[in-house]
Amino acid sequence: MPEKPYDHNQIELKWHERWQNADFYKAEENSAKPKYYVLEMLPYPSGTLHIGHIRNYAIGDALARYKWMRGFNVLHPMGWDAFGLPAENAAIQNNRPPRDWTLQNIAAMKKTHRRFGFSYDWDREVATCEPEYYRWNQWFFLKMLERGLAYRKRALLNWCPKCATVLANEQVVDGCCWRHEDTAVEQRALEQWFLKITDYAEQLLEDIAQLEGGWPERVLTMQRNWIGRSEGTEADFKLAGAGEPIRVFTTRVDTIYGATCVIIAPEHPLNENLLDGAGKARAKAMVDGRANRDPADIEKEGFFTGHYALNPYSGEKVPVWIGNFVLMGYGTGAIMAVPAHDERDFEFCTKYGIPIRPVIRAVDGALAVNPKQAFTDDGIVENSGPWSGLPSDEARRKMSAYAAQKGFGKAAITYRIKDWGISRQRYWGTPIPVIHCPKCGIVPVPENQLPVVLPDRIEITGSGRSPLENVPNFVNVPCPKCGEAARRETDTMDTFIDSSWYFYRYCDPRNDRMPFDPVKIAYWFEIDQYIGGVEHAILHLIYSRFFTKMMRDIGLIRNSEPARRLFTQGMVIAEGAKMSKSKGNVIGADSLAEKFGADTARMFVLFAAPPEKEVDWRNEGAEGIYRFLGRVYRFATRNLGRVDFPAPNDTDRKVRRKLHQTLKKITEDFETRWHFNTCISSVMELVKVLYAEEDKISAQPMCEAIQMLALMLAPFAPYLSQEIWDELGNQGPVFRQAWPSFDPELAKEDEAEVVVQVNGKLRGRIHVPFGTPVQELESRARSDEKVKPFLEGKQIVKVIPVPDKLVNFVVR
RNA sequence: GCGGGCAUGGCGGAACUGGCAGACGCGCCAGACUUAGGAUCUGGUUCCCGAAAGGGAGUGGAGGUUCAAGUCCUCUUGCCCGCACCA
């Protein structure tokens with residue numbers, strides 16, 4: 001066969017068409033093969049397919065293809081973005097609810113992704129975008145409502161003015177909306193739906209231990225911090241006079257005899273009664289003053305309320321202050337200030353001349369008033385009535401127990417994580433399936449009336465109230481209980497609900513009786529490998545862990561964690577900044593693919609850097625990959641069907657060695673660290689050798705080389721591999737072939753190259769058989785022509801021979 | 001402030017366990033084939049000295065451990081990420 005030019009358009013178009021309706025991507029459930037569930041969670045926000053997406057896909061797709069070839073039964077659906085944000089963006093543009101568009105969008109994405117040769121099980125993906133998926137979101141919601149895991153309350157909530165909706169705490173980044181990084185989040189008091197993720201705080205924290213090793217340490221640390229468990233004591237300070245007691249939370253109850261005042265958060269509900277009009281105004285100013293500011297820049301401020309409270313342990317009467325550094329969102333929203341033993345209290349009390357009274361002595365030191373700073377370590381309790389003389393930890397235990405016994409407090413564990421606010425006043429998302437009846441209160445929509453679907457035509461108001469409120473035949477419904485006129489809930493669910501369990505639905509996408517069949521889940525779960533950006537660390541990855549535990553507790557599944565292993569690929573940044581539409585630095589992948597083809601685009605992304613590393617993207621250099629693929633293709637075509645091969649000779653061994661070395665390298669990388677950049681470079685080296693020895697290679701190794709090239713490139717460049725595979729006269733998709741195994745004997749070099757150093761400097765190299773004894777190694781090295789001059793006239797102090805590797809002479 | 005990461009040619013990066021620093025690619029330089037090439041093939045390319053052989057220096061900086069350090073230790077500089085008045 002004569003050499004063919006590498007026409008990527010023609011090759012990719014041909015296979016693109018043939019693969020359109022092919023079903024070989026589909027997993028074979030319950031087959032006898034070992035199973036492997038690989039899933040990518042996509043970087044958002046998208047709209048267009050950009051280099052960041054391609055990177056994510058290319059990594060996961062390479063792994064999936066490799067696993068297929070290793071004989072695994074692979075479930076490889078795409079990530080969740082398809083029904084998430086693009087749907088929202090489209091809803092904005094089209095002034096319509098996202099359902100139809102989502103399906104259209106999926107079809108478009110399907111096309112694009114197929115074009116890049118990504119091998120997903122698309123039927124599963126599409127299933128999670130259909131309105132039917134709403135039904136099961138609602139079903140889960142009702143289950144949670146039954147169990148008290150979903151509830152409604154009035155609270156201060158994060159409000160994004162651009163989205164005109166509330167946000168969960170996890171969706172606030174540096175005081176701004178996660179979707180609008182330049183828009184400050186406001187606080188609004190609203191009645192909203194919450195999921196009780198705090199009920200699972202302890203488990204979410206504990207089970208992190210199970211993920212150790214499989215998940216990046218960084219993500220686990222972020223989750224630990226986010227959950228933020230701390231053990232301490234709650235205690236009531238009764239007001240001197242009438243009024244509700246002030247409950248404080250402290251981790252250092254052992255220092256309570258040193259409490260010289262009580263400080264309340266400015267937005268604390270007690271202030272309603274505690275403060276006069278002027279006081280309330282000051283408190284409000286404080287709340288506003290610290291909004292969206294770096295705490296380090298805010299000076300501690302406060303004022304005396306005019307009230308006093310009683311220390312429940314000592315009976316001491318202490319002033320009650322308002323302080324801007326006390327957070328309503330943590331603990332009880334009130335603290336006892338122990339300036340001698342807490343830095344913040346120290347700073348505050350020093351400023352306002354509140355007394356500082358030490359009650360902890362360092363274990364090896366005297367009780368001393370340090371006028372400069374607080375002593376925050378544990379020590380021995382002093383001047384604390386009956387507790388004096390106890391070590392801090394013992395005092396804490398006994399004093400907590402005492403509080404419980406006397407009824408003014410208890411040992412308490414506080415978490416930083418708060419319940420998940422899921423209400424959204426958007427015109428997309430799953431409607432929350434409840435009805436507000438003036439008589440019966442909140443009434444769940446009966447299960448057989450699910451799903452509650454969005455009305456077809458919606459007018460955007462942007463008013464901050466749900467646009468659904470303006471659709472009478474959506475809102476006005478009879479109460480399912482009493483039949484009287486009632487109102488349907490108009491809030492919709494956070495789209496993070498969708499993403500919390502979509503990967504379960506993938507296992508059973510057409511089920512219309514349950515969210516999924518537990519038997520199928522038991523087969524596929526846990527996810528073997530989840531791949532995505534680190535930006536999901538505390539949003540999606542906490543929510544989906546919570547959902548998994550919830551589903552386990554309602555008896556649907558058995559696993560406690562969704563994914564065994566998580567790989568966080570590095571972000572693709574452009575011009576030093578994260579790619580985002582608002583910055584206008586999104587680099588589309590299409591131009592690259594148009595110019596050089598999908599194979600080149602995918603492979604170039606993998607070649608640019610190891611997958612875990614962040615890359616600052618530039619398109620220069622793609623030619624290198626394109627040239628390489630051309631070299632491979634031309635080499636294969638001109639040698640296929642050639643008849644004038646030389647007889648078997650020495651070169652064959654050399655070529656086969658390189659072949660098996662390359663295969664070894666790639667195989668080992670897939671099994672361990674996924675450094676596909678070096679995998680690709682080793683194939684380049686192989687091709688270099690093939691070019692150099694082309695005329696000398698005999699028929700059999702040539703055939704082997706071409707076949708192996710097709711197979712080992714299949715995870716990275718599917719179209720080209722498939723084309724070569726086809727030219728070789730084979731049937732079927734190349735990535736359903738067996739991954740070639742390497743022969744470790746063939747991969748070995750004949751001789752060891754031993755480096756000779758004199759005083760650590762390279763002076764020569766010798767070739768010896770493997771396993772040459774050290775004495776011989778030394779004498780061979782000593783007599784080497786290059787080395788000799790550096791030894792002459794010198795005294796050899798020491799010789800360090802390392803078998804098969806190196807000899808170092810230490811001379812004087 | 002606390003916690004984590006990174007630093008290697010003109011550029012992306014390689015060197016996985018301490019043992020040849022700069023694989024592979026881009027870019028650049030030269031040659032071959034060509035009417036021509038932005039196609040293809042071959043060779044060169046860390047820096048300095050040298051025509052060459054060769055020599056010297058060299059992995060952000062300063063020290064240390066070691067026969068041997070990009071890799072380990074201490075300090076330091078710069079950049080990036082996470083958390084942050086969490087009581």
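Just so it is clear, the values below take in all heavy atoms, side chains as well, and ignore hydrogens, waters and symmetry mates. The chains referred to below are lettered A, B, ... by the order of the sequence lines, with proteins before strands, and numbering in each begins at 1.
Taking a cutoff of 4.0 Å between a charged side-chain nitrogen and a carboxylate oxygen, A:E231 and A:R229 qualify as a salt bridge. Taking a cutoff of 4.0 Å between a charged side-chain nitrogen and a carboxylate oxygen, A:E301 and A:R282 do not qualify as a salt bridge. A:E753 has no carboxylate O lying under 4.0 Å from a charged side-chain N of A:K805, or vice versa, which leaves the two without a salt bridge. Salt bridge status for A:E612 with A:R673: absent, with no side-chain N to carboxylate O gap under 4.0 Å. Between A:R252 and A:D378 there is a salt bridge, with a side-chain nitrogen of the basic residue lying less than 4.0 Å from a carboxylate oxygen of the acidic one. A salt bridge links A:E778 with A:R782; the closest basic N to acidic carboxylate O contact falls under 4.0 Å. A salt bridge does not link A:R763 to A:D784: none of the charged nitrogens lies less than 4.0 Å from a carboxylate oxygen.
For B:C28, the paired nucleotide is B:G44, the pair qualifying as Watson-Crick or G-U wobble because both relevant distances are below 3.5 Å. Using the Watson-Crick or G-U wobble rule with both distances under 3.5 Å, B:U65 pairs with nothing in any strand shown. In this entry B:A7 has B:U77 as its Watson-Crick or G-U wobble partner, both defining distances falling under 3.5 Å. The base-pairing partner of B:A87, taking Watson-Crick or G-U wobble contacts with both distances under 3.5 Å, does not exist among the strands shown. Across all strands shown, B:G22 forms no Watson-Crick or G-U wobble pair with both key distances under 3.5 Å. Pairing for B:G82 is with B:C2, a Watson-Crick or G-U wobble pair whose two hydrogen-bonding atom distances lie under 3.5 Å. Base pairing of B:U35: no nucleotide in any strand meets the Watson-Crick or G-U wobble criterion (both distances under 3.5 Å).
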At a cut-off of 3.5 Å, list every protein nitrogen or oxygen paired with a nitrogen or oxygen from nucleotides 62-73 of chain B, distance to 0.1 Å.
| unit_1 | atom_1 | unit_2 | atom_2 | d |
| --- | --- | --- | --- | --- |
| B:C67 | O2' | A:N808 | ND2 | 3.4 |
| B:C67 | O2 | A:N808 | ND2 | 2.8 |

Using the 3.5 Å cut-off, write out each protein N or O paired with an N or O of nucleotides 27-36 of chain B and the distance between them.
| unit_1 | atom_1 | unit_2 | atom_2 | d |
| --- | --- | --- | --- | --- |
| B:G27 | OP2 | A:R627 | NH2 | 3.1 |

Find every protein N or O atom lying less than 3.5 Å from an N or O atom of nucleotides 43-50 of chain B, and list the pairs.
none

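Note that OH of A:Y330 is 13.5 Å distant from CE of A:M328, once rounded to the nearest 0.5 Å.
For the C1' atom pair drawn from B:A68 and B:U17, the interatomic distance equals 15 Å after rounding to whole Å. Comparing the C1' positions of B:G22 and B:G58 gives an interatomic distance of 11 Å, to the nearest angstrom. Of the C1' atoms belonging to B:U71 and B:C2, the separation is 28 Å, rounded to the nearest Å. B:U46 sits 16 Å from B:G12 when the C1' atoms are compared, rounded to a whole Å. Remark: the separation of the C1' atoms in B:U65 and B:U74 is 11 Å, to the nearest Å. Here the separation of B:G70 from B:U59, taken at their P atoms, is 7 Å to the nearest Å. Nucleotides B:A52 and B:A14 are separated by 31 Å at their C1' atoms, to the nearest Å. For the P atom pair drawn from B:G61 and B:G55, the interatomic distance equals 25 Å after rounding to whole Å.
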**Item:** Intermediate values then yes/no, side-chain hydrogen bond (donor to acceptor under 3.5 Å, both in side chains), A:N158 and A:Q171
**Value:** CA-CA 9 Å; A:N158 311 300; A:Q171 294 160 13; over 6 Å; no
**Message:** If you apply the rule ring-ring contact (aromatic ring centres under 6.0 Å, His included), what do you find for A:F237 with A:F408, and how did you get there?
**Reply:** CA-CA 8 Å; A:F237 279 66; A:F408 64 76; 8.9 Å; no
**Prompt:** Where do A:E614 and A:I573 land on the side chain to side chain contact (heavy atoms under 4.5 Å, CB included) test, with the steps shown first?
**Reply:** CA-CA 7 Å; A:E614 191 174 86; A:I573 56 176; 3.5 Å; yes
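Within the 4.0 angstrom heavy-atom criterion, no nucleotide atom of any strand lies near A:V797. Using a 4.0 Å heavy-atom distance criterion, A:R224 is classed as making no nucleic acid contact. Residue A:I263 is out of contact with every strand shown, counting any heavy-atom pair closer than 4.0 Å.
Glycosidic conformation at B:G9 (O4'-C1'-N9-C4 for purines, O4'-C1'-N1-C2 for pyrimidines): syn, within 90° of 0.
Atom CD in A:E267 sits roughly 13 Å away from atom C1' in B:C85 (whole-Å rounding). Regarding A:E749, its CD atom lies at a distance of 15 Å from the C1' atom of B:C20, rounded to whole Å. Rounded to an integer number of Å, the gap from A:F596 CZ to B:A39 C1' is 13 Å. A:D695 places its CG atom 14 Å from the C1' atom of B:U42, with the value rounded to the nearest Å. Atom CD in A:E694 sits roughly 14 Å away from atom C1' in B:U42 (whole-Å rounding). Separating the CE atom of A:M286 from the P atom of B:C85 is a distance of 16 Å, rounded to the nearest angstrom. Per the geometry, CH2 belonging to A:W617 stands 14 Å off P belonging to B:C26, to the nearest Å. Rounded to a whole Å, the CD1 atom of A:I625 is 9 Å from the P atom of B:C26.
Remark: aromatic rings of A:F676 and A:F716 are close, center separation under 6.0 Å.
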Report all side-chain donor-acceptor pairs from residues 661-669 of chain A shorter than 3.5 Å, counting only partners two or more places apart or in another chain.
| unit_1 | atom_1 | unit_2 | atom_2 | d |
| --- | --- | --- | --- | --- |
| A:Q661 | NE2 | A:A747 | O | 2.9 |
| A:Q661 | NE2 | A:E749 | OE2 | 3.0 |
| A:T662 | OG1 | A:K658 | O | 2.7 |
| A:K665 | NZ | A:D669 | OD2 | 2.7 |
| A:K665 | NZ | A:T678 | OG1 | 3.0 |
| A:T667 | OG1 | A:L663 | O | 2.6 |
| A:T667 | OG1 | A:W739 | NE1 | 3.0 |
| A:D669 | OD1 | A:H675 | N | 2.8 |

Please table the atom pairs, donor to acceptor, closer than 3.5 Å between any side-chain atom in residues 789-800 of chain A and protein atoms at least two apart or in another chain.
none

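In this structure, A:T221 and A:R218 both approach RNA chain B, and ranking their closest nucleotides by distance from the 5' end singles out A:T221. Between A:R765 and A:G228, the residue anchored nearer the 5' end of RNA chain B, judged by the nucleotide with its closest heavy atom, is A:R765.
The aromatic rings of A:F348 and A:Y352 sit tilted, their planes meeting at an angle between 30° and 60°.
Under 4.0 angstrom from either OP1 or OP2 of B:G25 there lies no side-chain N or O belonging to A:R631.
For a distance-only test at 3.5 Å, the side chain of A:E753 qualifies as a donor-acceptor partner of the base of B:C20.
Across B:C85, B:G54, B:G55, the shortest atom-to-atom separation from the side chain of A:F790 is found for B:G55. Among B:C20, B:A57, B:A87, the nucleotide with an atom closest to any side-chain atom of A:L762 is B:C20.
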**Prompt:** Using a cut-off of 4.0 Å between protein heavy atoms and nucleotide atoms, how would you tag nucleotides 6-17 of chain B 5' to 3' with B, S and -?
**Reply:** ------BSSSB-
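Side chain of A:D254 to main chain of A:A395: no donor-acceptor pair is present (N/O by atom type, distance under 3.5 Å, no hydrogens or angles).
Exactly one residue among A:L541, A:I538, A:T221 makes a side chain to side chain contact (heavy atoms under 4.5 Å, CB included) with A:W226. That residue is A:I538.
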